[in-house]
Amino acid sequence: MKQLLTIFAALGLAGAAYADCGKKVASIGELEKYDAVTKALTLKIVDSSDPKEVEAKSAKLTMTPDSKVIAEGDLQALVGKKVTVVSEHGKVDFVILLAAK
């Protein structure tokens, strides 16, 4: 019985180690700059699902190999334009160009 309980406890702890918080932050703003060397972008926040970003009015995020840009061209071409950025823990998932009014 003790062995069975120990196995279940170990599986429970192992499962928790692989759990992800899953907190995605959606931010809308103007892409101020993009550094291709460090893969960092700076976003001037207009609105965000994270109150800390709204208060700071700026966010510095990092691109990853899995990051996707949903727009024609590269990130350098998006500097100065309005975009939506979906990120998790400062790592970019998506950069989406917003349509002009």
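Predicted model only: the values in this text are computed from it and were never measured.
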> Nearest 0.5 Å, please: how far is CD1 in I28 from OG1 in T84?
4.5 Å
> What pairs with V46 under side-chain contact (heavy atoms from CB on, under 4.5 Å), at least two apart in sequence or on another chain?
K82
> Test of understanding: with side-chain contact (heavy atoms from CB on, under 4.5 Å), list the residues that count as partners of K39, not counting sequence neighbours.
Y34, M63
> As an exercise, state the distance from CG of L61 to CG of L31, rounded to the nearest 0.5 Å.
9.5 Å
> Considering residues at least two apart in sequence or located in another chain, which fulfil the side-chain contact (heavy atoms from CB on, under 4.5 Å) criterion with T64?
D66, S67, K91
> Can you check whether V95 reaches L41 side chain to side chain, under 4.5 Å on heavy atoms?
yes
> For residues 47-57, tabulate all N or O donor-acceptor pairs below 3.5 Å that involve a side-chain atom, not counting sequence neighbours.
| residue | atom | partner | partner atom | Å |
| --- | --- | --- | --- | --- |
| S48 | OG | S27 | OG | 3.2 |
| S48 | OG | D50 | N | 3.1 |
| S48 | OG | E53 | OE1 | 2.9 |
| S49 | OG | A26 | N | 3.0 |
| D50 | OD1 | K52 | N | 3.3 |
| E53 | OE1 | S27 | OG | 2.5 |

> How many angstroms lie between CG in L98 and CD1 in I70, if you round to the nearest 0.5 Å?
11.0 Å
> Nearest 0.5 Å please: distance from the CD atom of E30 over to the CG atom of L43.
9.0 Å
> Under 4.5 Å between side-chain heavy atoms, chaining through other members, with only Ile, Leu, Val, Met, Phe, Trp and Tyr counted: pull out the rest of the cluster around V25, sorted by chain and number.
none
> For V86, check side-chain contact (heavy atoms from CB on, under 4.5 Å) against everything at least two apart and list the hits.
K24, D93, F94
> Quick check for you: to the nearest 0.5 Å, what is the distance between L75 atom CG and K33 atom NZ?
14.5 Å
> Are I45 and L97 connected in the hydrophobic side-chain network, where two residues link if heavy atoms are under 4.5 Å apart?
yes
